[in-house]
Structure formats: structure tokens, C-alpha cells
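First listed ligand is number 1; within each ligand, the first listed atom is number 1.
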Amino acid sequence: MAEGGVDSPTDPEDAFMTLSNDLRLEILLALWDAPDFSLSFAELRKAVGERDSGTFTYHLDELVGHFVGETADGYELQYPGHRVLDAIQSGVFHQRGTVGPVELEAPCPDCGAALTFTYDADYIGRVGCPDCDERVLEWPFDPGGVADRTPREVAAAFDRRTRLIWGCALDGVCPFCAGRVDREIAEGAGSTGLCIGVLEDLDRYDEYFARDHPAVVSLDCRRCSFYSFVPVGVVLLQRPRVTGRLHERGLDTRETPLWELGFVVDADPVVVREVDPPTVAVTAELPDGDPVVALVDADLSVTLADR
Ligand SMILES: [Zn+2]
Ligand SMILES: [Zn+2]
């Protein structure tokens, strides 16, 4: 345990109850719209249009101290207030978005047809092949990401955000609650080795786009509901020794979208070399010849190897 710690001046139930009122949300939104996120009492009351002073004061007081801070000049949004608005703007509580299918400038790894991106009302972004039904990449995405973007820009944002979430979680930090994430290499359904069977027992793994990979990294936040899997090849994207080698050989892993990185999304480049403890070889094919092979160990350390 680190020195310090977490205390809970408010129960989560009370905090959510505090927000369950139109006028209180309007107060937060008015402060968010204001210069420096702050307004005087009179400005704030005018902004939300509440005529009854007693009603306004009562609801404002309920927010003060946690979501809203008092200043010499009035009131300002505090960090928890910002986070409430961020969650609202992500759209997940009250919106649904749909996009596409939009054709991407990338061929299906199986049949060569153009891949498409779609975003459906189930909050999942999907890159796949309309001809052979190959599922290349699927991950949740927030409806807020659809606003003010063309369909292709949504696909690009989906690529960026998925990387960010994967990278943060693979580093052991939850991208949603900042808690500790346990990471473990687990054999997948595509394994031809001694399959440990754990993943096959999980219903949600049936739906996982990379369930044909022989191994995946399982991610489990100790604090919140975040629990998922990522392809082992994603680990390579976070290792400068690997990305540097690939860059020297003409593959820019930052500029290339995830669905074009075969060592991330395809099953074939992933081979389980050792089971206990696990070592997984991931092969990055390069247009100019010899592939780059990286070995990922149980602790997610990576070494470059010859094939
Ligand atoms: Zn295809
Ligand atoms: Zn978490």
C-alpha cells in the first residue's frame, strides 16, 4: 500500500442521487459553458433560468463541495463535475450512434476484398470483410465519437482510441477507473497446444473477434467492470525496440491502422512456443522480405528473435 489512500466522503449511491435532478445537471452544464468554468450566483441562476430563488439555492447547495466549488466570485466546476459532463458527452448514457458500412483502404487478409468499418447501436465498432465475413477488429466505442466526424474519420478515431485503451490496460492501469489491471497470457481457442480451457468456458469469449488466435492477453481490472482480451501482437506496439526495427524496415506502426497490422489482428502470426510459463512468438511480415519475430513472455517482456 502506498502512503495515503482513498477515503469516501460520499457513498456512490448518494453521489448518483445528487445528480438525479434536471436543474442540478443544468447547473453543471451552465458552468461548463462559462468562461473558466465559473459564474457568480446571479449569472448562474440566470443561465439556468430558475425563477424561484429558494429552489435554485437548494439544488446548488446540493452540488457544492463535491461537483461544484465556491470561489470568492461565485461557483466553479470541480474535477468530479467535469467527469460527470465528460461521461454525459461520451453519449453512452443517452445516445446511440451508427456509421457505415464505410469502405476502408485495406484488403481483407483472407480474400482480398476491401474491408469495411461499421458502428452499430450495440456500441461496438467493427472492421470486417463484407465478402467472406472475416472479423478483423471489434471493440466498444462511445457514441460521442460519431459527432462532427465523417464516417472515415470515425474509423480513424476508433483506431486511435482502441490503441489508447489497450496500451493503458497492458501497462497495468485501467483506462476507465485508474485501478490496477491484472494481465495474463492465456491460450486461446485457436491453440494447438495444451489448451487450458479457461477462455473457452467464458461465454463472452465466444463473441471475441480474435477467438481464433492461439493465445491472447487477458485483462482484468481489480476495481471496476473492465475485463477483456487483446491480441498478443498489441504488446509489440508498445516496445520501441520492436516498433523501431519495424520502422527501419518500412512499417510505421503509428501511421498504419490496427486492421492493417497483420501481427495484431491475424491468428497465423501468433504461435505458442512454450506453455508453462508461456512464451508466444509473434511474426510481423514486411513487404521487403524477412519478417521480424518477437517473443512475448509471461510478464509481457518482449525480445526480438530470429524465426
Ligand atoms: Zn474477406
Ligand atoms: Zn477499472
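Within a 6.0 Å radius of CG in Asp11, other residues, nucleotides and ligands contribute more than 12 heavy atoms. Surrounding CG of Asp36 are at most 12 heavy atoms belonging to other residues, nucleotides or ligands under 6.0 Å away. Atom CD of Gln238 sits in a crowded spot, with more than 12 heavy atoms from other residues, nucleotides or ligands closer than 6.0 Å.
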### Query
Does the side-chain hydrogen bond (donor to acceptor under 3.5 Å, both in side chains) test come out yes or no for Asp73 and Thr71, once each step is laid out?
CA-CA 5 Å; Asp73 304 321; Thr71 67; 5.1 Å; no
### Query
Could you go step by step and tell me if Arg249 and Glu285 meet the salt bridge (charged side-chain N to carboxylate O under 4.0 Å, His left out) rule?
CA-CA 10 Å; Arg249 299 277 308 281; Glu285 299 290 345; over 6 Å; no
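Distances shorter than 2.8 Å separate the Zn ion (ligand 2) from the protein N/O/S atoms Cys174 SG, Cys177 SG, Cys221 SG, Cys224 SG. For the Zn ion (ligand 1), protein N, O or S atoms closer than 2.8 Å were enumerated as Cys108 SG, Cys111 SG, Cys129 SG, Cys132 SG, with waters left out.
Outside the 6.0 Å centre-distance limit, the rings of Phe158 and Tyr119 are not counted as a close aromatic pair. For Phe37 and His82, the gap between ring centers is short of 6.0 Å.
Donor-acceptor pairing under 3.5 Å is recorded for the side chains of Asp297 and Thr279.
Taking the six-membered ring for Trp and thresholds of 30 and 60 degrees, Phe56 and Phe41 have ring planes more than 60 degrees apart, a perpendicular arrangement.
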